[in-house]
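Just so it is clear, the model here is predicted, and its values are computed rather than measured.
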Amino acid sequence: MKYLKIFTMMLGLLTLAACSNDDDKRSINNKGDVYVSMAQADITYKENKGVVTIPVTVTGERNGDITVTCTVEEYLAQGYEPAMEDVHYLLSSETITIWPEDNSGNFEVRLVDDRIMNDARLFVIKLVSANGAQLGSLLETIVTIKDNDQEPYDRIGGTWTALTASGATVGNVTFEGADDESEDGYNSFYYLILPNNSMANDPTILVKFNYVTGNETGTLSINFENQELGECSDGSTTTSNVLIGYVDSEGYIQTGGEVVLEWTEDFSEIYVKDSPQGDGTAAIATFANFDGWYYWAYIGSFSRLVQM
């Protein structure tokens, strides 16, 4: 049986104060025969990829840094839509610095996931100048932003608000699946990342839902009798096995049968379609054991937390 783990990582930020002097200043390369070019003529990302990189390459021996500046423009092609800056994507910076020990660099772009069905969108990123190097032969990369809203599987991914059996809400609940067709699990399953605020240090629980196609929208389901166990962290070094069940009419947690989830046509809500209770209002329960105590969270339905 495969076990899943969630690790909590903490990043510490350290601020360094330094005196300003000429020795601390980095120098610009002044050697000749150094060229900078785009690494690829074209590159494609799905719009739900978040922050992506557009690579740049450098050739030639250097004795200092080079700085490279780009511009971005809409790109027109038949069968595509133009991608507009600050609407469909955001360029982090027009200028990057590449150190002498590095032979490549990246412009960073944040893609906007608009949850609207549309044709793929194009823009072009162009190198316009370089300080410490000459511009090479390939100066443009055409960037294709593929829509992720054509298939139901793609539209489920992202952040939701969960409605519990008691009517309370739990925010920042995420359905995490494969980003594209080449990745394992695409059109097969989703992991639900569920924060359980009833537990110390707000640990997270990972729940595997099967994704089933066979109708217009598809379904998400858990078979409680044949589920894949996960693990949960309590925010420290302690982990526990996680079981998924449902709450019966007398308030007991049961682990038999299956719950099937479906979503509305506009993908604004995921709801219980079928359950062992048969009333469409089953509460899915996740529970784990820490030091002899059990904790659980009842989940009934999900609604979109954010639209973009």
(message) Salt bridge check, Glu73 against Lys126: does any charged N sit closer than 4.0 Å to a carboxylate O?
(response)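 Salt bridge present between Lys126 and Glu73.
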(message) Does this structure show an ion pair linking Lys46 with Asp113, if we count only N-O contacts that are shorter than 4.0 Å?
(response) no
(message) Before you tell me yes or no, could you show the steps for Asn63 and Asn30 under side-chain hydrogen bond (donor to acceptor under 3.5 Å, both in side chains), namely the whole-Å CA-CA distance, both residues' side-chain angles and the distance that decides it to 0.1 Å?
(response) CA-CA 7 Å; Asn63 58 12; Asn30 58 19; 2.6 Å; yes
Does [X] reach the side chain of [Y], with side-chain heavy atoms less than 4.5 Å apart?
X      : Y      : value
Trp263 : Pro152 : yes
Asn48  : Leu111 : no
Leu135 : Tyr35  : no
Leu127 : Met38  : yes
Val58  : Ile66  : yes
Tyr271 : Glu262 : yes
Asn148 : Arg155 : no
Val173 : Thr161 : no

Is there a path of hydrophobic side-chain contacts, each under 4.5 Å between heavy atoms, that joins [X] and [Y]?
X      : Y      : value
Val72  : Val143 : yes
Leu138 : Ile43  : yes
Tyr190 : Phe267 : yes
Val109 : Ile142 : no
Tyr211 : Phe209 : yes

(request) In sequence, state the C-alpha distance, the side-chain angles, and the governing distance for Phe175 and Phe302, and then conclude on ring pair (Phe, Tyr, Trp, His ring centres under 6.0 Å). (result) CA-CA 10 Å; Phe175 280 98; Phe302 306 86; 5.2 Å; yes
Interatomic spacing from [atom1] in [X] to [atom2] in [Y] - rounded to 0.5 Å:
X      : Y      : atom1 : atom2 : answer
Asp147 : Asp154 : CG    : CG    : 8.0 Å
Thr141 : Ile125 : OG1   : CD1   : 7.0 Å
Glu140 : Thr71  : CD    : OG1   : 10.5 Å
Glu47  : Thr144 : CD    : OG1   : 13.0 Å
Asn106 : Ser92  : CG    : OG    : 11.0 Å
Thr97  : Ile28  : OG1   : CD1   : 7.0 Å

Can you establish whether the number of heavy atoms outside [X] located under 6.0 Å from its atom [atom1] is more than 12?
X      : atom1 : value
Glu61  : CD    : no
Glu101 : CD    : yes
Glu94  : CD    : no
Tyr75  : OH    : no
Glu269 : CD    : yes

(message) One pair to check against side-chain contact (heavy atoms from CB on, under 4.5 Å): Trp160 and Ile270. What are the steps and the verdict?
(response) CA-CA 9 Å; Trp160 298 73; Ile270 298 175; 3.6 Å; yes
(request) Please report the C-alpha distance between His88 and Leu122 in whole Å, then the side-chain angles of each, then the deciding distance to 0.1 Å, and finally whether the side-chain contact (heavy atoms from CB on, under 4.5 Å) criterion is met. (result) CA-CA 10 Å; His88 304 123; Leu122 302 178; over 6 Å; no
Go through the side-chain N and O atoms of [X] and [Y] and say whether any donor and acceptor fall under 3.5 Å apart.
X      : Y      : value
Thr69  : Thr95  : yes
Arg62  : Asn103 : yes
Asp149 : Asn118 : no

Any idea which heavy atoms bring [X] and [Y] closest together, and the distance?
X      : Y     : value
Gly136 : Ser37 : CA-OG, 3.3 Å
Leu91  : Cys70 : CD2-SG, 3.9 Å
Arg121 : Ala83 : CB-CB, 3.7 Å
Pro100 : Asp65 : CD-OD1, 3.1 Å

(request) With Phe123 as reference, evaluate Tyr89, Phe107, Tyr80 under the ring pair (Phe, Tyr, Trp, His ring centres under 6.0 Å) test and give the passing residue. (result)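 That would be Tyr89.
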(message) Before you tell me yes or no, could you show the steps for Thr57 and Val36 under side-chain contact (heavy atoms from CB on, under 4.5 Å), namely the whole-Å CA-CA distance, both residues' side-chain angles and the distance that decides it to 0.1 Å?
(response) CA-CA 6 Å; Thr57 59; Val36 60; over 6 Å; no
(message) Test your reading of the model: is there a side-chain donor-acceptor pair from Asp102 to the backbone of Ser104, 3.5 Å cut-off?
(response) no
(request) List the steps, then state whether side-chain contact (heavy atoms from CB on, under 4.5 Å) holds for Val112 with Val87. (result) CA-CA 7 Å; Val112 176; Val87 176; over 6 Å; no
(request) Start with the C-alpha distance between Glu183 and Lys49, add both sets of side-chain angles, then the distance that settles salt bridge (Lys or Arg N to Asp or Glu O under 4.0 Å), and finish with yes or no. (result) CA-CA 13 Å; Glu183 295 185 31; Lys49 275 292 192 178; 3.6 Å; yes
